[in-house]
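Basis for what follows: all heavy atoms, side chains included, without hydrogens, waters or symmetry-related copies.
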Amino acid sequence: MAEQPERAAGKASPHESARKHVCGSARYIDDLPVMPGMAHIATGKSPHPHARITHLDLEHVRRYPGVLDVVTQADIPGKVDVAPVFDGDPLLAGEVVEFVGQPVFAVAAVSMEVAQRAVAEARIGYEPLPAQLSIEDALAADAHVLPPHEMRMGDVSAEISAAPQRLNGELYVRGQEHFYLEGQVGQAEPTEDGGIHVIASTQHPTEIQHLVAEVLDIPFNRVVAEVRRMGGGFGGKETQAGPIACMTALFAHRLGRSVRYRMPRRDDMVQTGKRHDFLNRWSVGFDDQGVIHGLDLMLAGKCGYSADLSQGIVDRAMFHADNAYFLNTARIEGLRCRTHTVSNTAFRGFGGPQGMMAIETVIEDIARATGQDPLDVRKRNLYSPGRDETPYGQTVEQHVLPELVERLEADSDYRGRRAGIEAFNQKHRYLKKGLALTPVKFGISFTVKHLNQAGALLQLYTDGSLMINHGGTEMGQGLFTKVQQVVASEFGVSRDQVMVTSTRTDKIPNTSATAASSGSDLNGMAARDACQRVRGVLCEFAASEFGVEPDAVRFERGLVVIGEREWTLGEFAELAYTHRVPLFATGFYRTPKIHYNREEGKGRPFFYYANGAAVSEVTVDTATGEYRVERVDILHDVGDSLNPAIDIGQIEGGFVQGMGWLTTEELLWDNQGRVISNSPSNYKIPTAGDVPADFRVSLYDRPNNEETIYLSKAVGEPPLMLAISVWAALRDACAATTRYRFSPRLDTPATPERVYWALRECETFNLEGHSGGHG
Amino acid sequence: MRLKVNNRLYDSGDEAPDRTLLAFLRNQCGLTGTKEGCASGDCGACTVMVHDERGEKPRSYTVNSCICPVESLRDQSVTTVEGLGGDGVHGELHPVQEAMVACDGSQCGFCTPGFVMSLAALHSETLERGMPEDPRRAVLDAISGNLCRCTGYRPIVEAGIRALNNPDFLTRNGTEPVSGAPLSGSMETPNEPCSFWQPGTEAELQRLLSANPEARLVAGGTDLMLEHTQLFRRLPKLIDLNRIESLRRIELGPEHIDIGAAVTYTEMETAFADIAPELVRMLERLGSRQIRNRGTIGGNIGNASPIADMPPFLLVMDAELVIRDARGNSRSEPLCEFYQDYKQTTLQPGEYIALVRIDRPRPGQWLRLHKLSKRYEDDITTVMGAFLWDAETGLRVAYGGMAAVPARAWRCEQVINYGGTAIPTLDDLTIERACAELNETFSPIGDVRASADYRRVMAASLFGRACRGLKSFASGEEPKEELHHHG
């Protein structure tokens, strides 16, 4: 506090918990002291994807030594359904089970191990029912969790049939397991008022509060949901934390003691939702320069057995099916396929990445068909003034990408390297290099309008220390750090004078999930509003006390300054207190300008767009399909960065997570509906060795043209999609074997095996008379 | 049960044999800095340092505490993240912790203590042995078993390198093994009947085996312990092989090399660095550093997994197993006859693998081990091809992942060696015929790692790659067109 603080916002500075992280003293839920008599939970899981329960004998479970309680659906006092928006997610299954792993009953025992062993003692009879396990099954059965939805712009059929060239295609994009390092976990303690204090690893404390209250049939005000930090979220702790918390609350309520539920990794990977698989089909019309005249696109998401958040997720896939490109005319159909698999859920990008994969494939196919470098086709189709209307009627107002892409193309020496790669590929028989530049334009705001609001509570103590509380949650993304910087900046103090405390529903009510990349946009603004209210009161006080204009009071260098007079913030707060001035305030923010009419598929769903682009270079061994990412260059638009260190961390981390999704992370089910990629031994997220040594990330420094917190832009999700450049580079390396005349289908993830089969498809193309494959 | 943790002695009653070090640290010691991410040794969030101070040469190494039986560390010493530096609010940080903060190496922080421990172990090794030749590579090796889902690793790698370069590091000793420091404190835990034995000799082992035929043998526990941590089964009786010196030796004879069954992969990496660098390159992709510090060659062979990484190499080396039983009888058996069917071996109840004997690699021999997996590091093999050529015996070929057991490709070898062994006859037609034999020999399965078709074509593809390599070798050229991983 002694040092003179510079303005905290905009400065690269470490995560607020960094020192605690590295010392192991940052507490996660499973690290909290174990309360005396604490119970632990395990659930009995359905072995069938779809079946009727014919009998349920839990006697042996109850009698297992160490078991404290066993519950089925009938034991739930309140609402059984713990779905976030649309009904359909029973906390425990009723007569019918609808996915392998669905909880049928739950056990509380003296330890998690005992609970797990007890579960195995159940005797349950099932009558299997027919199951749809794939998107294709669901399409054939016309089975949807929610009705199909369409966006239209212009007469697409006419434009496609009149276009000089046409192509059709299909791509299967597999989902992704969140693999947050801290698995799902929650803890509940009964309170003296018949309520529950639940500590959850959740992105959405308010939803937890509501669900727990509904499950127990008690008023919202009896439930407090609290979260200090998560060990990673990535969307996987938005709705998926709900059942965990409800289960702990249910047992805490019944047993009158503390209950903890930590899912073992394998249960987590089987029982909780993942990123949706998507099957994308299109036909596109374009001219000889590769300019798109019309796109007719089907996006079919594998939703699993219930709706969960699939309405918004498939919508966001549709909203991003244009990515950064003007489509001229379009019909985009979104299907929400119902399958007898775990209900898929939010995952960083929220459908956006799957939608973008469609258009990026289309762009590449157009490039091969017109004999151009895909980068030229990309540039030609970018939104630009006059060609700026999206299929959902929003106009792109800030044209960041044309310039950003130019700069990245130059900085990464794209053209020089392209020439070098062609020479390399001529010289090498088995090794082929690929290169690709792909852009990202990502819409920022919840597409459900009312979610775009936030609250904050600021408390100034008489020693000058500040406490800020807001509705956002910390999952590692640095939200607490950024909000701390905002508060410090508003009061002109250093960051360490500001405490950011646990997110609690008894401090800030009715909050939205920390999701949609909106955490600092919403909560940063709410916190700033709270600061300005407290400052306003202090300034009013100064005006009456010292006879100056309120705006003559400055908060800077850790001091309150009025003309020649200076106080520390503590001295001034103490003074104000003795004059009976309130030193706390709530702040509120709602995002302006946004509206969307879903019926018509038109409006302005997004306050603004975040942009970026990446260049990836890969080398492929054509004999096996093995590959290596050689170099990555990224230029990303975060507006005026609130904290460049944190923003770069989000960009790099998002990129690598996206790269995993598109390369090594293969989410697989068998034909019995069982997840067979059910542990980190068979589901491979990237390791340090997969990240190229040559990894260059820069921020595109240009303020947001919308009034966001200090003109910054959201950064959580957009960078994930920069990784599409890795997939495109792999496809480019495959295309090299056909002298870039053909681009093979490359479903994702592009594992070595898939790359190998894509190369074989190229070989077939060459053998079918298109001579001249390997140089 | 006596164990020093962060310089504090825990002198307690016996622990259940399957009690993990992680459970002991978190529940008994209240040290919650060490995290459980997967309970299967795949994520590294539970990484701690073990200091083995027995024997002439004390050594420190990292382990996955989630699959390490705590009883196997009797009288040893452990450092956790809490034992390195301050508590996050007060106290000086260890150079690795400092660098992790300075480089923004943590986001959600859950994996962080594991990374810090892996890097601290490397840091302390550097104090002892000097700066590694390639610091980046050393850091990547140290953290190959640590997963981070937030950062994308770049800042962590940077922090690791920065810590090694910390000019202060010679004068600070935060990661020094805690040996010699005064012991303090003790903690009593309830007694459970102890069925975790640590025999010091094979004779003792044999006596225990006769008395407890149902006991399971454990060395690293990197596979066995998963029955407990993943399936929640109890392992009521365990016999630990780690203190039997005769099973822990590598004897480098002029003709043969004897590798004790309880020799770890890390120990093999050291012993074979000059003798078989190709083997060492393969070992660098077997599990992670933490796994290689605990996993043993005997376990790898005895588990009889079709995708184990050692057997293909051992098969082309014509390895022999020395197998002993509870009565002290000894027999030897060629490895190629040891595997009967999926997870079936000739090992009888009461028998154990004592050592593996291979011929000492000779100059002029050529060895290639090609491993395919979805991920380069720390991934289980999809297909492994092992290829050994020498002038006397010709080309030997073995595969993992292609059948229910790791197997030699005898008929493929016959085709290749038909024209004589001195110079392999590697014209395209012969290679094609040899590949046809591979196709005849193997009917691989499809599973979560790859389709049957991919495995089938990869057997031939790896064979082709090996033949190209051998041709380059025969003509004295460097092998060309290889995809090297760490750039």
Participant: Which atoms form the tightest heavy-atom contact between Val81(B) and Val22(A), and what is the distance?
Facilitator: CG2-O, 3.3 Å
Participant: Quick check on Cys148(B) against chain A: is it the side chain, the backbone, both or neither that has a heavy atom closer than 4.5 Å?
Facilitator: backbone
Participant: Non-hydrogen atoms of chain B under 4.5 Å away: do they reach the side chain of Pro33(A), the backbone, both or neither?
Facilitator: neither
Participant: Below 4.5 Å from any heavy atom of chain A, which atoms of Phe110(B) appear? Answer side chain, backbone, both or neither.
Facilitator: both
Participant: If you count heavy-atom pairs under 4.5 Å with chain A, which of Val96(B), Asp141(B), Thr151(B) comes out on top?
Facilitator: Thr151(B)
Participant: Hey, which of Glu666(A), Gln477(A), Glu474(A), Met475(A) has the most heavy atom pairs under 4.5 Å with chain B?
Facilitator: Glu666(A)
Participant: Against chain A, work out which of Gly85(B), Gly33(B), Ser106(B), Gly86(B) has the most heavy-atom pairs shorter than 4.5 Å and name it.
Facilitator: Ser106(B)
Participant: Of the listed residues (Met112(A), Met230(A), Met269(A), His178(A)), which shares the most heavy-atom pairs with chain B below a 4.5 Å separation?
Facilitator: His178(A)
Participant: Do Ile648(A) and Arg154(B) come close enough that some side-chain heavy atom pair is under 4.5 Å?
Facilitator: yes
Participant: Compare all side-chain heavy atoms of Met100(B) with those of Pro14(A) and state whether any distance is below 4.5 angstrom.
Facilitator: no
Participant: Side chains of Tyr376(B) and Arg628(A): is there a donor and an acceptor less than 3.5 Å apart?
Facilitator: no
Participant: Nearest 0.5 Å please: distance from the CD1 atom of Ile685(A) over to the SG atom of Cys43(B).
Facilitator: 8.5 Å
Participant: Closest heavy-atom contact between Gln650(A) and Gln107(B)?
Facilitator: NE2-OE1, 3.2 Å
Participant: Among Pro686(A), Gly183(A), Gly654(A), single out the residue with the greatest number of heavy-atom pairs under 4.5 Å to chain B.
Facilitator: Pro686(A)
Participant: Return the CD to CZ distance between Glu182(A) and Arg149(B), rounded to the nearest 0.5 Å.
Facilitator: 15.0 Å
Participant: Tell me, do Thr624(A) and Leu462(B) make a side-chain contact under 4.5 Å, heavy atoms counted?
Facilitator: yes
Participant: Under a 4.5 Å cutoff for heavy-atom pairs, which residue among His370(B), His228(B), Glu36(B), Arg233(B) has the most contacts with chain A?
Facilitator: Glu36(B)
Participant: So, the side chain of Arg265(A) versus the backbone of Ala39(B): is there a donor-acceptor pair under 3.5 Å, distance only?
Facilitator: no
Participant: Please check if any side-chain donor atom of His21(A) sits under 3.5 Å from a side-chain acceptor atom of Thr112(B), or the reverse.
Facilitator: no
Participant: Would you call Glu626(A)-Arg465(B) a salt bridge at under 4.0 Å N-O?
Facilitator: yes
Participant: Are side-chain N/O atoms of Ser679(A) and Gln230(B) paired as donor and acceptor at under 3.5 Å?
Facilitator: no
Participant: Can you tell if the side chain of Pro680(A) reaches within under 4.5 Å of the side chain of Ser40(B), non-hydrogen atoms only?
Facilitator: yes
Participant: Would Tyr756(A) and Val457(B) satisfy side chain to side chain contact (heavy atoms under 4.5 Å, CB included), going step by step from the backbone distance to the final call?
Facilitator: CA-CA 10 Å; Tyr756(A) 177 80; Val457(B) 291; 3.6 Å; yes
Participant: Check Ala688(A) against Ile143(B) and note the closest heavy-atom contact, atom names and distance.
Facilitator: CB-CD1, 3.6 Å
Participant: If I compare all heavy atoms of Cys111(B) with all of Leu181(A), which pair ends up nearest, and what's the gap?
Facilitator: CB-CG, 4.0 Å
Participant: Does any backbone or side-chain atom of Val116(B) lie under 4.5 Å from a heavy atom of chain A? Answer side chain, backbone, both or neither.
Facilitator: side chain
Participant: At a heavy-atom distance under 4.5 Å, which candidate from Arg262(A), Met659(A), Arg229(A) has the highest pair count against chain B?
Facilitator: Arg262(A)
Participant: Does the ring of Tyr454(B) carry Arg754(A) above it, NZ/CZ under 6.0 angstrom from centre and within 45° of its axis?
Facilitator: no
Participant: Does Arg449(B) reach the side chain of Asn682(A), with side-chain heavy atoms less than 4.5 Å apart?
Facilitator: yes
Participant: Going from NZ on Lys684(A) to CG on Leu147(B), what distance comes out if it is rounded to the nearest 0.5 angstrom?
Facilitator: 7.5 Å
Participant: Using non-hydrogen atoms and a 4.5 Å limit, figure out which bit of Ser373(B) sits close to chain A: side chain, backbone, both or neither.
Facilitator: backbone
Participant: Salt bridge between Arg19(A) and Glu92(B), side-chain N to carboxylate O under 4.0 Å?
Facilitator: no
Participant: Evaluate side chain to side chain contact (heavy atoms under 4.5 Å, CB included) for Lys35(B) paired with Tyr28(A), printing each intermediate quantity in order.
Facilitator: CA-CA 9 Å; Lys35(B) 311 297 183 197; Tyr28(A) 303 81; 3.7 Å; yes
Participant: For the residue pair Glu652(A) and Pro155(B), establish whether any side-chain heavy-atom pair is separated by less than 4.5 Å.
Facilitator: yes
Participant: With a 4.5 angstrom heavy-atom cut-off, is it the side chain or the backbone of Ala623(A) that approaches chain B, or both, or neither?
Facilitator: both
Participant: For the side chain of Glu377(B) and the backbone of Gly689(A), is there at least one donor-acceptor N/O pair under 3.5 Å apart?
Facilitator: yes
Participant: For chain A, find which of Ile380(B), Asp379(B), Val157(B) contributes the most heavy-atom pairs closer than 4.5 angstrom.
Facilitator: Asp379(B)
Participant: What part of Phe695(A) gets within 4.5 angstrom of chain B, counting heavy atoms only: side chain, backbone, both, or neither?
Facilitator: side chain
Participant: So which heavy atom on Gly231(A) is nearest to which on Cys108(B), and how close?
Facilitator: C-SG, 3.3 Å
Participant: Among Arg117(A), Arg266(A), His15(A), single out the residue with the greatest number of heavy-atom pairs under 4.5 Å to chain B.
Facilitator: Arg117(A)
Participant: Looking at Lys374(B) and Glu753(A), is any side-chain nitrogen of the basic one under 4.0 Å from a carboxylate oxygen of the acidic one?
Facilitator: no
Participant: If you tally heavy-atom pairs under 4.5 Å against chain B, which of Thr751(A), Asp30(A), Val620(A) wins?
Facilitator: Asp30(A)
Participant: Can you say whether Asp453(B) sits under 4.5 Å from chain A via the side chain, the backbone, both, or neither, judging by heavy atoms?
Facilitator: both
Participant: Got a salt bridge between Asp31(A) and Arg26(B), using NZ or NE/NH1/NH2 to carboxylate O under 4.0 Å?
Facilitator: yes
Participant: Run the side chain to side chain contact (heavy atoms under 4.5 Å, CB included) check on Cys150(B) and Phe234(A) step by step: do they pass?
Facilitator: CA-CA 9 Å; Cys150(B) 295; Phe234(A) 317 116; 3.7 Å; yes
Participant: I'd like to know if the side chain of Thr664(A) reaches the main chain of Arg375(B), judged simply by a donor and an acceptor atom lying under 3.5 Å from each other, with no hydrogens or angles considered.
Facilitator: no
Participant: Quick check: closest heavy atoms across Leu93(B) and Cys23(A), and the distance to 0.1 Å?
Facilitator: CD2-SG, 3.4 Å
